[in-house]
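Some notes on the structure that comes next.
Chain letters run A, B, ... following the sequence lines, proteins first, then strands; residues in each count from 1.
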2 protein chains.
Amino acid sequence: MRIGEVAAKAGVSVRAMRYYEQQNLLQADCRLGGQRHYADTAVGRVRMIQHLYAAGLSSSTIREVLPCVDTGEVPPELLDRLTAERTHIDQRITELLAVRARLDEVIAAARNPDPECHHMQY
Amino acid sequence: MRIGEVAAKAGVSVRAMRYYEQQNLLQADCRLGGQRHYADTAVGRVRMIQHLYAAGLSSSTIREVLPCVDTGEVPPELLDRLTAERTHIDQRITELLAVRARLDEVIAAARNPDPECHHMQY
DNA sequence: CTTGCACCTGACGCTAACGTCAGGTTTTAG
DNA sequence: CTAAAACCTGACGTTAGCGTCAGGTGCAAG
């Protein structure tokens with residue numbers, strides 16, 4: 001597969017894939033006439049990269065994490081980093097849940113206008 | 001209170017507060033000799049703004065949402081927007097949960113090296 | 001052969017949420 | 001009164017994850 005096909009299947013832009021390569025998150029299997037060629041597994045890998053980005057991880061963090069996800073081998077020095085990242089994600093989840101609850105209150109109030117509503121002080 | 005005190009109590013920079021004002025998220029109660037003065041409630045408001053930013057909302061979205069949180073009154077046209085935003089947040093939560101679970105697998109594997117481990121294909 | 005599409009490598013543009021510096025004013029402490 | 005803080009208004013810098021354009025190449029079809 002060439003880059004366009006992989007990009008389409010994974011739902012990203014060609015530009016994004018070249019960017020991932022620059023960031024050392026992804027390598028083409030080979031180059032034929034200057035053009036990148038990929039195995040089928042690349043599609044899944046690109047999707048995984050997207051998920052990690054969506055989770056708020058930076059390129060450099062993803063660069064560290066990906067090999068572990070691939071091989072299952074985790075150098076112990078990375079364990080702390082991963083645990084820290086997990087904690088960070090946990091915090092973001094908690095914040096998101098709080099904001100969602102907030103939004104739900106507002107939405108509920110909008111649907112069911114309550115004249116005696118006692119609004120919270122933030 | 002002047003800007004520095006509010007910023008310190010809310011845990012943000014002075015620059016950030018001036019930025020919030022530019023974005024119409026926050027107004028000073030008055031100006032004395034060109035300097036901004038705030039009521040105590042400003043601290044909570046700034047924290048709320050931070051939470052919304054942390055939830056991934058943009059300045060313009062926050063600008064729409066904040067008055068509703070304040071007053072509890074929601075113009076019906078905003079309801080769709082809020083619901084959409086809620087859906088979006090839901091998606092991000094789901095993604096974060098997935099990534100966290102992924103991280104947990106890797107961490108568990110690292111702590112408990114399993115020679116017969118069958119790694120998932122992403 | 002040539003048309004046309006997909007691909008290539010730079011390289012500059014963009015947005016958001018501030019950081020930071022310059023140059024000047026106001027408030028506060030001694 | 002005076003010097004140090006704290007504040008003010010621009011305005012330019014920064015970072016990340018791409019978008020997009022320019023100018024040139026490779027591959028399949030007619």
Charged N to carboxylate O below 4.0 Å: is that the case for R45(A) and D70(A)?
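Counted as a salt bridge, because a side-chain N and a carboxylate O are separated by less than 4.0 Å.
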Which residues satisfy the side chain to side chain contact (heavy atoms under 4.5 Å, CB included) test with L79(B), sequence neighbours excluded?
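If we apply the side chain to side chain contact (heavy atoms under 4.5 Å, CB included) test to L79(B), skipping adjacent residues, the hits are I107(A), A110(A), R111(A), T83(B).
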Between [N] atom [atom2] and [X] atom [atom1], what is the distance in whole Å?
X      : N       : atom1 : atom2 : value
R63(B) : dA17(C) : CZ    : C1'   : 13 Å
I3(A)  : dC27(D) : CD1   : C1'   : 16 Å
Q22(B) : dA16(C) : CD    : P     : 13 Å
R18(A) : dA11(C) : CZ    : C1'   : 13 Å

Atom pairs and distances, donor-acceptor, side-chain atoms in residues 91-98 of chain A, under 3.5 Å, two or more places apart:
unit_1: R92(A); atom_1: NH1; unit_2: A55(A); atom_2: O; d: 2.9
unit_1: T94(A); atom_1: OG1; unit_2: D90(A); atom_2: O; d: 2.9

Considering only heavy atoms from C-beta outward, does the side chain of D29(A) approach that of H37(A) to under 4.5 Å?
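Result no, sub-4.5 Å side-chain heavy-atom pair not found.
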With a 4.5 Å heavy-atom cut-off, do E5(A) and R2(A) have their side chains touching?
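No, too far: nothing below the 4.5 Å cut-off.
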With rounding to the nearest 0.5 angstrom, report the OG to OH distance, S13(A) to Y19(A).
11.5 Å
With rounding to the nearest 0.5 angstrom, report the CD to CZ distance, E85(A) to R100(B).
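Reported to 0.5 Å precision, the distance equals 13.5 Å.
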Listing, residues 61-68 of chain B side-chain donor-acceptor contacts under 3.5 Å, not counting sequence neighbours, or none:
unit_1: T61(B); atom_1: OG1; unit_2: S58(B); atom_2: OG; d: 3.0
unit_1: T61(B); atom_1: OG1; unit_2: R81(B); atom_2: NH2; d: 3.2
unit_1: R63(B); atom_1: NH1; unit_2: Q23(B); atom_2: O; d: 2.6
unit_1: E64(B); atom_1: OE1; unit_2: R81(B); atom_2: NE; d: 3.4
unit_1: E64(B); atom_1: OE2; unit_2: R81(B); atom_2: NE; d: 2.5
unit_1: E64(B); atom_1: OE2; unit_2: R81(B); atom_2: NH2; d: 3.0

So which protein N/O to nucleotides 16-20 of chain D N/O distances come out below 3.5 Å?
unit_1: dG17(D); atom_1: OP2; unit_2: Y19(A); atom_2: OH; d: 3.3
unit_1: dG17(D); atom_1: OP2; unit_2: S59(A); atom_2: OG; d: 2.7
unit_1: dC18(D); atom_1: OP2; unit_2: Y20(A); atom_2: OH; d: 3.2
unit_1: dG19(D); atom_1: OP2; unit_2: S13(A); atom_2: OG; d: 2.5
unit_1: dG19(D); atom_1: N7; unit_2: R15(A); atom_2: NE; d: 3.2
unit_1: dG19(D); atom_1: O6; unit_2: R15(A); atom_2: NH2; d: 2.9
unit_1: dT20(D); atom_1: O4; unit_2: R15(A); atom_2: NE; d: 2.9

Please check the phosphate of dT9(D) (OP1 and OP2 only) for any side-chain N or O of R31(B) closer than 4.0 Å.
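For R31(B), the contact criterion (side-chain N or O under 4.0 Å from OP1 or OP2 of dT9(D)) is met.
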Within residues 81-98 of chain B, residues whose heavy atoms come under 4.0 Å of DNA chain C
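Listed by number, there are none.
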Reckon R36(A) touches a base, only the sugar-phosphate, or nothing at all at heavy-atom distances under 4.0 Å?
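Counting heavy atoms under 4.0 Å across all strands, the contact made by R36(A) is with sugar-phosphate only.
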Only pairs at least two apart or in different chains count here, so list each ring pair (Phe, Tyr, Trp, His ring centres under 6.0 Å) that has a residue in residues 45-81 of chain A.
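Applying ring pair (Phe, Tyr, Trp, His ring centres under 6.0 Å) to every pair that reaches into residues 45-81 of chain A, excluding sequence neighbours, yields Y20(A)-Y53(A).
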Treat primed atoms plus P, OP1 and OP2 as sugar-phosphate and everything else as base, then score nucleotides 25-30 of chain C 5' to 3': B for base contact with protein heavy atoms under 4.0 Å, S for sugar-phosphate contact only, - for none.
-SS---
So, using salt bridge (charged side-chain N to carboxylate O under 4.0 Å, His left out) as the criterion, who are the partners of E21(A) when residues are at least two apart?
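Once residues adjacent in sequence are excluded, the partners of E21(A) under the salt bridge (charged side-chain N to carboxylate O under 4.0 Å, His left out) criterion are R31(A), R36(A).
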